[in-house]
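Just so we're on the same page: letters track the sequence lines, and every chain starts at 1. The structure displayed is predicted, hence computed values, not measured ones.
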Amino acid sequence: METVRVRFAPSPTGELHIGGLRTALFNYLYARRHGGVFILRIEDTDRTRYVPEAELRLMEMLKWAGIAPDEGPQVGGPHGPYHQSERLPMYRQAAEELMAKGLAYPCYCSSETLDQMRQQQQARGMPTRYDGRCRKLTPDDRKRLDDKGLTPVVRMVLPDREERMVVKDLIRGNVAFNTSQLDDQVLLKSDGFPTYHLAVVVDDHAMEITHVLRAEEWLPSTPKHLLLYRYLGWEPPQYAHLPLLLNDDRSKMSKRKGDVSVEAYQAKGYLPEALVNFIALLGWSPGDDREVFTLEELVQEFSIERINKTGAVFNRDKLDWMNQQYMSRLPVERLVALARPFFPDLSVLERNHDLVVRAAGVVQPSLVTLADLPSQLELFLKDPQAPLAPEVDQTLAKDEVRRLAGSMATHLGAVNPWGAKGFQEAMKTVQKETGLKGRDLWIPARMVITRAGEGPELPLVVEALGRDLTLERIRQAAQG
RNA sequence: GUCCCCAUCGUCUAGCUGGCCUAGGACACCGCUCUUUCAAGGCGGCGACACGGGUUCAAAUCCCGUUGGGGAUGCCA
């Protein structure tokens with residue numbers, strides 16, 4: 001059996017879209033599952049939308065997600081170059097071959113002419129298609145137009161006779177189109193760059209792509225591609241059109257309503273493993289109730305047969321849950337290391353590394369994203385001079401609470417070894433001595449130690465804080 | 001407008017070769033519990049086969065239609 005070769009072919013027009021990441025992921029998974037090759041090809045044929053930074057960042061994002069390509073601009077490979085802008089001669093040659101065969105022709109119509117044509121057609125309730133007027137141009141006509149300084153585009157010719165084109169889609173089955181609904185598609189633009197339709201066919205063939213896994217929005221243009229394969233005498237790849245990722249209102253996922261770029265989720269503190277796991281489950285499922293998968297497990301389980309046909313809404317709540325799953329499984333040291341970019345002041349982190357790690361272990365189960373860690377750690381690292389919340393300030397100002405703090409200082413000072421258990425024991429003595437109990441004891445005690453009204457279980461906080469810090473805070477409260 | 005795709009809880013989905021489905025799981029929501037705080041955790045609850053026709057002893061599962069949603073209709077990808 002031939003080696004599976006699949007590609008992800010984004011255009012560098014901005015940040016990598018979540019939908020793009022999912023397409024890349026499915027291609028990656030399919031390649032890995034079948035011992036194939038995953039290729040990255042940069043479709044930079046639209047110079048008007050080109051964003052210089054985009055390509056590099058896009059590749060960084062793939063790396064971040066753990067799905068770096070086997071062949072592509074950075075890694076190279078035997079089928080390069082991997083930028084379409086560097087493959088112009090190949091497209092030109094294909095276009096010329098088609099023109100020589102009478103399967104393509106130069107078209108001199110201006111965009112104004114085309115706009116008008118479409119408007120008129122729409123007004124009459126007709127399908128909007130190029131009417132083919134430039135097909136009839138004689139060599140003399142063309143020469144005259146060339147001499148006028150016009151640069152034509154190259155359009156493909158549709159079959160004379162109406163014909164049924166069948167796309168064999170691995171996900172949707174056979175999908176039939178009638179060539180009478182197709183258009184004399186532009187293949188080469190007047191700037192000499194190819195359109196997507198020509199470039200994708202030429203490149204997929206040249207790069208020996210066996211399977212095209214791409215978003216469903218491409219399904220309607222697949223018959224054009226099939227026609228081109230036939231015109232050029234090439235064997236088309238197999239197609240699988242992936243269900244779309246949707247906004248809450250079920251329209252195609254886009255900016256406007258929430259974040260759609262991978263960068264945005266990285267910046268919010270989502271873990272790549274969680275994001276990948278989450279989007280893998282959008283449009284695909286393993287067939288049982290498992291939901292948490294490593295990349296390796298996804299590779300083992302993945303199959304095109306289990307991709308479904310319906311578009312999937314990108315649900316942030318579930319992503320949060322998924323991220324939390326991964327957050328809670330992280331080794332604490334790693335958690336802290338990954339969260340570094342989210343600390344406003346790294347020096348605090350460095351000065352208190354051991355404390356930070358112990359404290360991170362305490363708050364870990366309740367973290368949703370990496371970005372949550374700094375704020376959750378605040379009560380462990382709080383500056384003694386920092387202003388207090390009004391209700392904390394009021395409570396700590398009470399004589400009764402000063403006495404409580406005094407009692408705590410005495411009895412906690414004697415705790416040995418230091419820890420949650422010793423703290424509990426000592427607090428029993430404090431309870432007897434002060435006569436305080438229940439909420440009257442525990443809420444002020446919490447405030448004495450953490451200077452906050454809420455937080456993780458106090459014994460755990462105390463254990464993580466350590467003897468010295470805890471006692472220091474208690475003494476400060478005792479003195480008022 | 002035209003063409004194409006799709007249709008199970010609010011969301012992601014299981015169900016695909018019809019009977020094991022009084023439709024399972026997860027997220028969200030609600031309740032209880034644990035916790036002398038807030039979360040997290042544990043337990044439970046709410047909640048769907050779009051509609052109408054067929055086919056069949058039997059349909060969420062097959063067929064047709066309707067409705068609804070989406071996508072495509074660019075010298076963008």
Just checking A/S190: base, sugar-phosphate only, or nothing, at a heavy-atom cut-off of under 4.0 Å? base
Figure out the CG/C1' separation between A/L40 and B/A77, and round it to whole Å. 15 Å
side-chain N/O A/W321 vs B/C27 OP1/OP2, d < 4.0 Å: yes
Side-chain contact test, heavy atoms from C-beta onward, threshold under 4.5 Å: evaluate it for A/V212 versus A/R7 and give yes or no. yes
Measure from the side chain of A/R172, starting at C-beta and using heavy atoms only, and say which of B/A72, B/C6, B/A39 lies closest. B/C6
Atom-to-atom span, CG of A/L281 to C1' of B/A28 - whole angstrom: 16 Å
Over all strands shown, is A/A176 touching base, sugar-phosphate only, or nothing at heavy-atom distances under 4.0 angstrom? sugar-phosphate
Which part of the nucleic acid, if any, lies within contact of A/Q324, taking any heavy atom under 4.0 Å across all strands shown: a base, the sugar-phosphate backbone alone, or nothing? sugar-phosphate
Could you please name the option among B/A7, B/A39, B/A26 that lies closest to any side-chain atom of A/S366? B/A39
Starting at CG of A/L244 and ending at P of B/G69, how long is that distance when rounded to a whole Å? 17 Å
Value in whole Å for how far the P atom of B/C5 lies from CZ of A/F177: 6 Å
Starting at atom CD of A/E454, determine the distance to atom C1' of B/A40, rounded to an integer number of angstrom. 14 Å
Across all strands shown, which nucleotide pairs with B/C3 by Watson-Crick or G-U wobble geometry, both distances under 3.5 Å? B/G71
With a 4.5 Å limit on heavy-atom distance, are the side chains of A/V332 and A/Q364 in contact? yes
Using a strict 4.0 Å threshold on nitrogen-to-oxygen distance, state whether A/R230 and A/E163 make a salt bridge. yes
May I ask you to check whether A/T310 and A/N308 show a side-chain donor-acceptor distance below 3.5 Å? no
Give one of base, sugar-phosphate or nothing for A/R47, where a contact means two heavy atoms less than 4.0 Å apart. nothing
Scan every strand shown for a Watson-Crick or G-U wobble partner of B/G18, both distances under 3.5 Å, and answer none if you come up empty. none
Side chain of A/R49 - closest among B/G71, B/C6, B/A77: B/A77
Looking at every strand, decide which applies to A/T128 at a 4.0 Å heavy-atom threshold: base, sugar-phosphate, or nothing. base
Listed nucleotide nearest any side-chain atom of A/E216, set B/G74, B/C5, B/A26: B/C5
At 4.0 Å (heavy atoms only), tell me whether A/C109 reaches a base, stays on the sugar-phosphate, or touches nothing. base
With both distances kept under 3.5 Å, what pairs with B/C32, Watson-Crick or G-U wobble? B/G42
A/Q185 atom CD is separated from B/G74 atom P, nearest whole Å, by 8 Å
If you only use heavy atoms from C-beta on, which nucleotide in B/A77, B/U13, B/U37 is closest to the side chain of A/E43? B/A77
Pick base, sugar-phosphate or nothing for A/F314, based on heavy-atom distances below 4.0 Å to the nucleic acid. nothing
Please determine, for B/C49, whether a Watson-Crick or G-U wobble partner exists with both distances under 3.5 Å, and give it or none. none
B/U56 pairs with which nucleotide, Watson-Crick or G-U wobble, both distances below 3.5 Å? none
Once you apply a heavy-atom cut-off of 4.0 Å, does A/G287 come out as touching a base, just sugar-phosphate, or nothing? sugar-phosphate
May I ask you to verify whether the side chain of A/R446 and the base of B/U37 hold a donor-acceptor pair under 3.5 Å? yes
What is the nucleic acid contact for A/P456, judged by heavy atoms within less than 4.0 Å: base, sugar-phosphate only, or nothing? base
Expressed as a whole number of angstroms, how long is the span from A/D44:CG to B/C76:P? 14 Å
Which is true for A/L282 with a 4.0 Å heavy-atom rule: it touches a base, it touches only sugar-phosphate, or it touches nothing? sugar-phosphate
Need one value for A/E457: base, sugar-phosphate or nothing, where a base atom within 4.0 Å counts as base even if backbone is also close, heavy atoms only. base
Decide whether A/E433 and A/S407 meet the rule of one side-chain donor and one side-chain acceptor closer than 3.5 Å. yes
No-hydrogen, no-angle side-chain donor-acceptor test under 3.5 Å, A/R214 and A/T222: yes
Check every atom of B/G71, B/A14, B/G74 against the side chain of A/R306 and return the nucleotide holding the closest atom. B/A14
Please walk me through it: do A/H205 and A/Y229 pass ring-ring contact (aromatic ring centres under 6.0 Å, His included)? CA-CA 9 Å; A/H205 174 256; A/Y229 277 101; 7.2 Å; no
Among B/A77, B/A72, B/U11, find the nucleotide with the atom closest to the side chain of A/V313. B/U11
Tell me the interatomic distance from A/D183, atom CG, to B/U73, atom P, rounded to whole angstroms. 10 Å
For A/V153, which contact category applies under a 4.0 Å heavy-atom criterion: base, sugar-phosphate, or nothing? base
Base, sugar-phosphate or nothing for A/R250? Non-hydrogen atoms, less than 4.0 Å. sugar-phosphate
Which nucleotide wins on minimum distance to the side chain of A/T310, given the candidates B/G70, B/A77, B/C6? B/C6
Closest of B/A77, B/A26, B/C5 to the A/K189 side chain is B/A77
Base paired to B/C27 (Watson-Crick or G-U; both N/O distances under 3.5 angstrom): B/G10
Would you say A/E71 and A/Y82 are linked by a side-chain donor-acceptor pair, where the criterion is simply a distance under 3.5 Å? yes
Name the nucleic acid region contacted by A/T48, choosing base, sugar-phosphate or nothing; use a 4.0 angstrom heavy-atom cut-off, strictly under. nothing
Of the listed nucleotides B/C75, B/A40, B/A72, the one nearest the side chain of A/R155: B/C75
